[in-house]
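Okay, handing you the structure first.
Just so you know, ligand 1 is whichever comes first in the structure, and atom 1 is the first atom listed for that ligand.
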Amino acid sequence: MKKVLTVAGSDSGGGAGIQADLKTFAALRVYGTSVITALTAQNTLGVHGVHPVPAEFVARQLDAVLSDMDIEAAKTGMLVNADIIEVVARKVKDYGLKQLVVDPVMVATTGGSLLAEKAEAALKKELLPLALLITPNLPEAEVLTGRKIKTEKDMRECARILHDMGVSFVLIKGGHLEEEAEEAVDILYDGANYYRFTKPKLKINATHGSGCTLSAALTALLAQGLPVEEAVARAKEFVFQSIKGAFPVGKGVLPVNPLAML
Ligand SMILES: Nc1ncnc2c1ncn2[C@@H]1O[C@H](COP(=O)(O)OP(=O)(O)OP(=O)(O)O)[C@@H](O)[C@H]1O
Ligand SMILES: Cc1ncc(CO)c(N)n1
């Protein structure tokens with residue numbers, strides 16, 4: 001069984017972050033390890049508190065996992081602040097992690113900041129050049145590129161700008177493109193070609209953890225040796241089924257259910 005790693009925050013409500021990642025890893029039959037960057041007091045209604053883990057202890061968790069296990073692929077989610085970003089970037093280099101998926105988590109679906117504004121520069125400078133694949137949603141792509149995104153053409157333009165920052169593959173998630181859209185369109189750019197992935201847009205309010213689940217599924221599938229384009233198609237299908245298979249949990253945005261297909 002391939003071994004993978006998530007570096008992310010804990011969601012006490014079980015819908016996003018570490019909890020979504022480990023469910024996804026198990027569903028896709030990879031061995032999941034986890035380095036926790038923060039505790040969040042969170043439920044389906046919102047983020048009620050963030051308790052960051054000291055950067056030195058993030059480093060200690062990374063050393064514990066990476067010195068012992070042969071990690072095939074890793075993802076990052078909520079990284080909280082610039083100190084943690086720097087530690088993660090250093091360890092990725094030190095241990096020669098090659099398949100790194102960066103989900104540049106900034107704000108929760110329910111609102112609530114998950115990354116200090118000052119840390120955006122560190123994310124761009126330190127981590128993006130080490131990423132095999134980055135998976136921003138539209139608001140994240142706008143912050144990282146300083147551009148507004150209204151159309152698919154804008155998505156392609158932002159993908160190109162992010163590729164120029166040193167990322168091999170850029171996947172821009174269009175879940176937020178148009179409230180009334182019939183399709184959820186994602187655009188992948190590899191520096192030469194654009195690939196368009198679409199699924200019908202499900203009309204249910206069940207997207208808490210959709211981004212985390214997508215990047216965790218990509219990490220699992222890359223670890224299993226799939227080429228990026230194929231991993232994106234399979235991961236998107238996995239998220240689609242996870243949204244479709246959501247069930248009532250709490251009073252707010254439903255969490256996706258990565259176990260839906262088991
Ligand atoms: N209503 C929907 N129906 C089908 N697919 C969707 C829907 N909403 C989002 N998706 C897909 O889910 C994946 C995650 O996209 P999204 O833009 O929601 O990420 P995100 O905003 O990072 O998620 P998160 O809620 O975890 O922050 C993408 O592949 C997107 O196209
Ligand atoms: C811990 C955590 N990571 C990521 C997200 C983004 O969905 C969230 N809401 N919570």
ask   = About how many Å separate NZ of Lys125 and CD1 of Ile85, when rounded to the nearest 0.5 Å?
value =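 Atom-to-atom, Ile85:CD1 and Lys125:NZ are 11.5 Å apart.
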request  = Select one of side chain, backbone, both or neither to describe which atoms of Pro200 lie under 4.0 Å from any atom of ligand 1, heavy atoms only.
outcome  =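 Backbone only.
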request  = Starting from atom 18 (O) of ligand 1, locate the nearest protein heavy atom and write down its residue, its atom name and how far away it is, to 0.1 Å.
outcome  = Ser210 OG, 3.0 Å
ask   = Among Leu115, Leu114, Thr213, Thr207, which residue places a heavy atom closest to atom 5 (C) of ligand 2?
value =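 Residue with the shortest heavy-atom distance to the ligand atom: Leu114.
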ask   = Mind checking whether Gly112 has a heavy atom under 4.0 Å from ligand 2?
value = no
Reference residue Leu171; test side-chain contact (heavy atoms from CB on, under 4.5 Å); the match among Val101, Val228, Leu188 =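 Answer after filtering Val101, Val228, Leu188: Leu188.
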task = Pick one of side chain, backbone, both or neither for how Lys201 approaches ligand 1, counting any non-hydrogen atom pair under 4.0 Å.
result =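 The answer is both, backbone and side chain.
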query = Heavy-atom contacts under 4.0 Å between Cys212 and ligand 2: side chain, backbone, both, or neither?
reply =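 Side chain only.
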query = What residue and heavy atom of the protein are closest to atom 1 (C) of ligand 2, and at what distance?
reply =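 Here the nearest protein heavy atom works out to Gly9 O, 3.4 Å.
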task = Enumerate the atoms of ligand 2 whose separation from the nearest heavy atom of Ala16 is less than 4.0 angstrom.
result =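 By the 4.0 Å cutoff, the relevant atoms are 5 (C), 7 (O), 8 (C), 9 (N), 10 (N).
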ask   = Looking only at protein heavy atoms, which one is nearest to atom 11 (C) of ligand 1, and how far off is it?
value = Lys236 NZ, 4.3 Å
query = Where on Ile243 is there a heavy atom closer than 4.0 Å to ligand 1, on the side chain, on the backbone, on both, or on neither?
reply = side chain
message = Taking a cutoff of less than 4.0 Å between a non-hydrogen atom of the residue and any ligand atom, is Gly211 in contact with ligand 2?
response =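 No, that is not the case, since the closest heavy atom of the residue is not under 4.0 Å from the ligand.
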key: Option passing side-chain contact (heavy atoms from CB on, under 4.5 Å) with Ser34 (candidates Val4, Ile18, Leu5, Val7)   =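 Only one of Val4, Ile18, Leu5, Val7 forms a side-chain contact (heavy atoms from CB on, under 4.5 Å) with Ser34, namely Ile18.
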message = Check contact between Lys199 and ligand 1, using heavy atoms of the residue and a distance below 4.0 angstrom.
response =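 The answer is no, since Lys199 has no heavy atom less than 4.0 Å from ligand 1.
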ask   = To the nearest 0.1 Å, how far is atom 28 (C) of ligand 1 from its closest protein heavy atom, and which atom is that?
value =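 Protein heavy atom with the smallest distance to atom 28 (C) of ligand 1: Asp186 OD2, 3.3 Å.
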Atom indices of ligand 1 within 4.0 angstrom of Gly175 heavy atoms, with elements =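 Answer, ordered by atom number: 9 (C), 17 (O).
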inquiry  = I need the contact type for Thr207 against ligand 1. Using non-hydrogen atoms and a strict under-4.0 Å cut-off, is it side chain, backbone, both or neither?
reply    =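 Answer for Thr207: both.
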message = Please determine whether the number of non-hydrogen atoms from other residues, nucleotides or ligands lying under 6.0 Å from atom NE2 of His48 exceeds 12.
response =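 Yes, NE2 of His48 has more than 12 neighbouring heavy atoms, counting only those of other groups under 6.0 Å.
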inquiry  = Please list, in number order, the atoms of ligand 1 under 4.0 Å from a heavy atom of Cys212.
reply    = 26 (O)
Atom 10 (N) of ligand 2: nearest protein contact (heavy atom, Å) =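 I find the closest protein heavy atom is Gln42 NE2, 3.2 Å.
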request  = Could you list which atoms of ligand 1 come closer than 4.0 Å to a heavy atom of Lys173?
outcome  = 14 (C), 15 (O), 17 (O), 19 (O), 20 (P), 22 (O)
ask   = Purely on distance, is any nitrogen or oxygen of Asp11 under 3.5 Å from one on ligand 2?
value =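 Looking only at distances, the answer is no, because the N/O contact criterion of under 3.5 Å is not met.
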ask   = Can you list the steps and then say if Ser12 with Gln42 is a side-chain hydrogen bond (donor to acceptor under 3.5 Å, both in side chains)?
value = CA-CA 5 Å; Ser12 52; Gln42 189 174 175; over 6 Å; no
ask   = Relative to the ring of His163, is the ring of Tyr189 parallel (under 30°), tilted (30 to 60°) or perpendicular (over 60°)?
value = perpendicular
message = As an exercise, state the distance from CZ of Arg160 to CD1 of Ile187, rounded to the nearest 0.5 Å.
response = 14.5 Å
query = Should Ala16 be listed as contacting ligand 1, given a heavy-atom distance under 4.0 Å as the test?
reply =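 No, that is not the case, since the closest heavy atom of the residue is not under 4.0 Å from the ligand.
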ask   = Within 45° of the ring axis of Phe197 and under 6.0 Å from its six-membered ring centre, is that where the NZ or CZ of Lys236 lies?
value = no
request  = Would you mind running through ligand 1 and noting each atom that sits below 4.0 Å from a heavy atom of Val239?
outcome  =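 Taking each heavy atom of Val239 in turn, ligand 1 has 12 (O), 13 (C) under 4.0 Å.
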